[in-house]
Amino acid sequence: MSTTTASTNTPIDELDPREFIIIKGAKVNNLKSLSVAIPRNKLVVVTGLSGSGKSSLAFDTLFAEGQRMYVESLSSYARQFLGRMEKPEVDYIKGVSPAIAIEQKVSTRNPRSTVGTSTEIYDYLKLLFARIGKTYSPVSGEEVKRDSVTSIVDFIMSKEEGARLMILCPLIHKEDRTFEQELNVLLQKGYTRVLVDGSPFFIEDLLEDESKAKEGNIEVLIDRGVVQHDEDTQFRFSDSVQTALFEGEGDCIIDLPDEGRFAFSDRFEADGILFEEPSVNLFTFNNPYGACKRCEGFGKILGIDKDLVIPDKSLSVYDGAIAPWRSETMRKWVQPLLKHGIEFDFPIHRAYNELTKAEQELLWTGNKYFKGLNKFFEHLESKTHKIQYRVLLSRYRGRTDCPECKGTRLRGDASYVKINDSSITDLVLLPIEQVHNFFSELKITAHEEKIAGRLVKEIKNRIDYLSRVGLGYLTLNRLTSTLSGGEYQRIKLSTSLGSALVGSMYILDEPSIGLHPRDTDRLISVLLSLRDLGNTVVVVEHEEKVMRAADQIIDIGPDAGSHGGELVFQGTIDEMLGTDTTYTAKYLNGTEKLEVPTQRRKWNNSLLIKGARENNLQNLDVEIPLGVLSVVTGVSGSGKSTLIKRLLYPALGKTLGTVSEQTGKMDALEGSLKTVTQIEFVDQNPIGKSSRSNPVTYVKAYDAIRQLFTDQGLAKQRGYKPAFFSFNVDGGRCETCQGEGVVKIEMQFMADIQLTCESCKGKRFKQEILEVKYNEKNISDVLEMTIDDAIDFFAEEKSVVNKLIPLQEVGLGYIRLGQSSNSLSGGEAQRVKLAYFLGKGKGTSKDHILFIFDEPTTGLHFHDIAKLMKSINALIEQGNSVVIIEHNTEVIKCADWILDLGPEGGDKGGKLCFAGTPEDMIKLKDNYTAQYLAEVL
């Protein structure tokens, strides 16, 4: 292979590492001594067929070297914990910058991690509210202020010259002193007069006749004088006010005979309530000081689940909407409401979901005519010593929003602190788009600008990036663990942008996943701004729009697996469109394309979801056809995953008795439920948690391979059983690494490191087992083969080939038989599952399975999508139904039926915009999906 670069025609050894990142002779995984020069500070897209070696180049070579060089830069003390990080198999890499990899995996399951904390926006918000937030009393709505000596003296000096005044403080009566002793102490301190109910007395007179002051309100006269606008008077009054605050334990009274009395306090209080002063800890839910005491900062408690109490929202109170009050014994709770409802205008015959918010709330709080549901459950709580009450309570319990903090996780008084009439709890519950509007319209004084100007700028910056990567529909309070892989990756991307690093190398793994074509344009603008800051942005990507925006495209191929790993093209998009030597070029310039089906399948049976209200769904009725290919589409955040994952899958799964997940809010699932015998959700989760799980064991092909080796002459002679050729059980496997081929070293403060096992050199088996060969290959050699190579190698053995062909059909011919499941991408894991079902369905099955796929095109090149669609159609031909959640227009155009949700994401989404065939869809005028679909149909 030539070592000149396609982009410059200059020998790679002569290029300047300050302008290029130079990789020479990369042999990681299937790369065939690949040499490439990646221009610095540019947006570079690495593309190619699935399995051609893109990730091997970007992550396993480029990022691994950046990471290793970082570790080399640490102190020798830190390095001793890191063992030896293997150098990527490459001649050399020059010009590597500090590397940041942003991958697809949601790596946190922490119940305290939210969108706000992981983007650092919440940290800035806490500081902002602690510095310029104003506390308002919930009683009067007045601002709570602490008076200082300066502010009180300023008040005095604002009066006209010559105004008379007295500075007083209340007499604090200590418990261990008598009234007489208290007055004597005042005399000793040098005070001579007090006011009793506003009338002045000498202290000596009161000591002679205490009866004058027995019941009165007594105040100590600290000072009296006349307002003069000079420095001496100001100093004198300052001393007097300070003394009054000390003697009055925080209280000071200024009596102006011409205007009246004015009370001041240096305590942070109002309306008789002492408030907490704003501090960062007050707004921190990960700190016991700021966390809500009820839910300890989690936002959820095990409480009464309103959806279990009122399961069918279409019923009225009269018809038994309230489930616990339907039984004979508990009807006594609902009777007063039915009897007296008319007296306070409560509509007992109106469906629950048509009641106003106030009427729904009234059912819980009750009034003087009837006891509400809250009282009912308190009554049950008080009777829990009886088993029947405990059982009854458990029926209506679930994880619910904490009633004290309403799911905001903070202690109640944190919400008294406001900026522009909004508290921090208001902001974290708003969609990010609306928080963006709040900060755009934020008006602060010049003094506040000095204190918090930088904070506001940082928050605006980060929120702007979140909106630009298409996540404006999320709230800052949303749990990180509930985000999809694409959403999580875009959050990490916007966090990287917010921190504004310069001179770094960002390596991204398909950031366009989970994005509607409309939102991809926004994402591209974000990638370009990352580049314009002065960073090198390397993106592994198949999305056409991203390729067209790139400064340079690197195409790895020509095919996958052992037939890939070469640099087949490097240059600009215009240069690529002028060639048709690679699959990518052919699809981009239109010489090859995925054919549109000549006719759409018809359907008779369907499932009907009624009244879907989970998350942002707006009381939808949706019909999902059976026996055909249905695609659910819509912009990011429009409610697709909610409809299918949170409603259809658990609701149908519960009727089949196979799913125990909680079903989201909906009225009912109706339709041809009896025709479906099984539901399978083919998602992108790993196919096995164990590092021992691999594709060949998952599709059950390994059993036949082990049997073949057991039948060889040498194996029979030595008495080897099939188990000896398994790396999962004792017998033939290497015992040092227990058949894993690698030994894991646990690190103290970094990710664990895998090192090749020194006993078996990564072969997984004992030497004597490796002596048994079939067609000159031992069991370890077979596990190293790709699926494509294995199908040729085992051509005579139908039992093996039949199990492997489905993997080849779904486009996974390039993966190795023994490759660990952990190393498969989400899209690959999903296709392994698809192959498993294809292999099972080869016979004649009476089952009608409903398959749900969540973005199966993840990680797929145009060329591979054609193979995927062929496999999915094979499932339908076997008599099954398929529902796909997808944004890729190549898949949408192949659908028999489209369900489009929208029109926007978040609050502005959740409506059914269209249901019908692709041909009908492109007639729509104001529909985002229709616009992009029209381009490919």
Side-chain angles (χ1 to χ4, degrees), residues 134-174 179 182-275 277 445 447-448:
K134 295 187 171 75
T135 306
Y136 292 91
S137 162
V139 180
S140 61
E142 294 296 311
E143 188 185 336
V144 183
K145 281 184 178 164
R146 172 199 289 282
D147 295 309
S148 64
V149 174
T150 313
S151 66
I152 300 171
V153 173
D154 287 347
F155 167 78
I156 296 171
M157 299 309 278
S158 68
K159 302 302 169 193
E160 289 178 8
E161 279 212 358
R164 291 177 304 123
L165 80 147
M166 289 192 285
I167 298 174
L168 311 157
C169 73
L171 176 65
I172 305 298
H173 192 155
K174 297 277 192 301
F179 180 57
E182 202 68 67
L183 291 176
N184 275 317
V185 169
L186 282 176
L187 270 177
Q188 286 162 13
K189 285 181 179 174
Y191 301 113
T192 56
R193 300 184 190 191
V194 292
L195 267 68
V196 180
D197 292 334
S199 305
F201 286 92
F202 282 105
I203 296 176
E204 280 108 331
D205 293 351
L206 285 183
L207 282 168
E208 286 170 18
D209 183 4
E210 284 185 23
S211 62
K212 293 175 183 171
K214 269 295 179 229
E215 301 300 323
N217 177 30
I218 303 174
E219 290 155 350
V220 183
L221 177 62
I222 305 289
D223 193 3
R224 58 187 180 150
V226 175
V227 176
Q228 298 287 341
H229 292 167
D230 59 37
E231 215 169 68
D232 289 345
T233 313
Q234 193 171 345
F235 284 147
R236 177 186 151 190
F237 285 154
S238 295
D239 280 348
S240 302
V241 167
Q242 195 157 8
T243 308
L245 289 171
F246 175 74
E247 293 292 350
E249 292 187 358
D251 287 316
C252 165
I253 298 152
I254 307 296
D255 190 335
L256 294 156
D258 303 333
E259 288 187 44
R261 294 163 69 85
F262 298 90
F264 295 92
S265 166
D266 71 352
R267 290 189 299 276
F268 199 62
E269 67 176 7
D271 302 323
I273 306 169
L274 191 62
F275 291 88
E277 285 197 68
T445 63
H447 174 62
E448 288 172 336

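Position 1 is the first residue of the sequence; numbering continues from there.
With respect to Asp251 and Arg267, a salt bridge is recorded, a charged nitrogen being found less than 4.0 Å from a carboxylate O.
Taking all atoms of both residues into account, the shortest heavy-atom contact from Val220 to Val194 is CA-CG1, 4.2 Å. Contact between Met166 and Arg224 at its shortest, heavy atoms only, is CG-CB, 3.9 Å. Shortest non-hydrogen contact noted between Arg164 and Leu256 is O-CD2, 3.5 Å. Nearest heavy atoms, Phe264 versus Ile152: CB-CD1, 3.6 Å. Contact between Leu245 and Cys252 at its shortest, heavy atoms only, is CD2-CB, 3.7 Å. Gln228 and Thr233 get closest at one heavy-atom pair: CB-OG1, 3.2 Å.
One finds the CG atom of Leu168 at 6.0 Å from the CD1 atom of Ile253 (value rounded to the nearest 0.5 Å). Distance check: Glu160 CD to Glu259 CD gives 8.5 Å after rounding to the nearest 0.5 Å. The line from CG of Leu165 to CG of Asp255 is 8.5 Å long, rounded to the nearest 0.5 Å. Taken to the nearest 0.5 Å, the CG atom of Leu187 stands 4.5 Å off from the CD1 atom of Ile203. For the atom pair CG (Asp205) and CG (Leu183), the distance works out to 11.0 Å, reported to the nearest 0.5 Å. To the nearest 0.5 Å, atoms CD (Glu204) and CG (Asn184) are separated by 9.5 Å.
The closest donor-acceptor contact from the side chain of His229 to the backbone of Lys159 lies under 3.5 Å. With hydrogens and angles disregarded, a donor-acceptor distance shorter than 3.5 Å links the side chain of Asp197 to the backbone of Asn217. The backbone N or O of Gln234 lies less than 3.5 Å from a partner atom in the side chain of Ser238, making a donor-acceptor pair.
A heavy-atom distance below 4.5 Å is not found between the side chains of Phe155 and Asp147. Residues Ser137 and Phe275 are in side-chain contact: their nearest non-hydrogen atoms beyond the backbone lie under 4.5 Å apart. Within the 4.5 Å cutoff, the side chain of Asp232 has no heavy atoms near those of the Arg236 side chain. Counting heavy atoms from C-beta on, the side chains of Ile218 and Leu206 never come closer than 4.5 Å. Between Ile156 and Val241, some side-chain heavy-atom pair lies under the 4.5 Å cut-off. In this structure, Phe235 and Glu231 have side chains that are in contact, with non-hydrogen atoms separated by less than 4.5 Å. The shortest side-chain heavy-atom distance between Leu221 and Tyr191 does not fall under the 4.5 Å cut-off.
Scored by the salt bridge (charged side-chain N to carboxylate O under 4.0 Å, His left out) test, Arg146 finds Glu277 as partners (sequence neighbours excluded).
Note: His173 and Phe179 have tilted aromatic rings, judged against thresholds of 30 and 60 degrees for the angle between ring planes.
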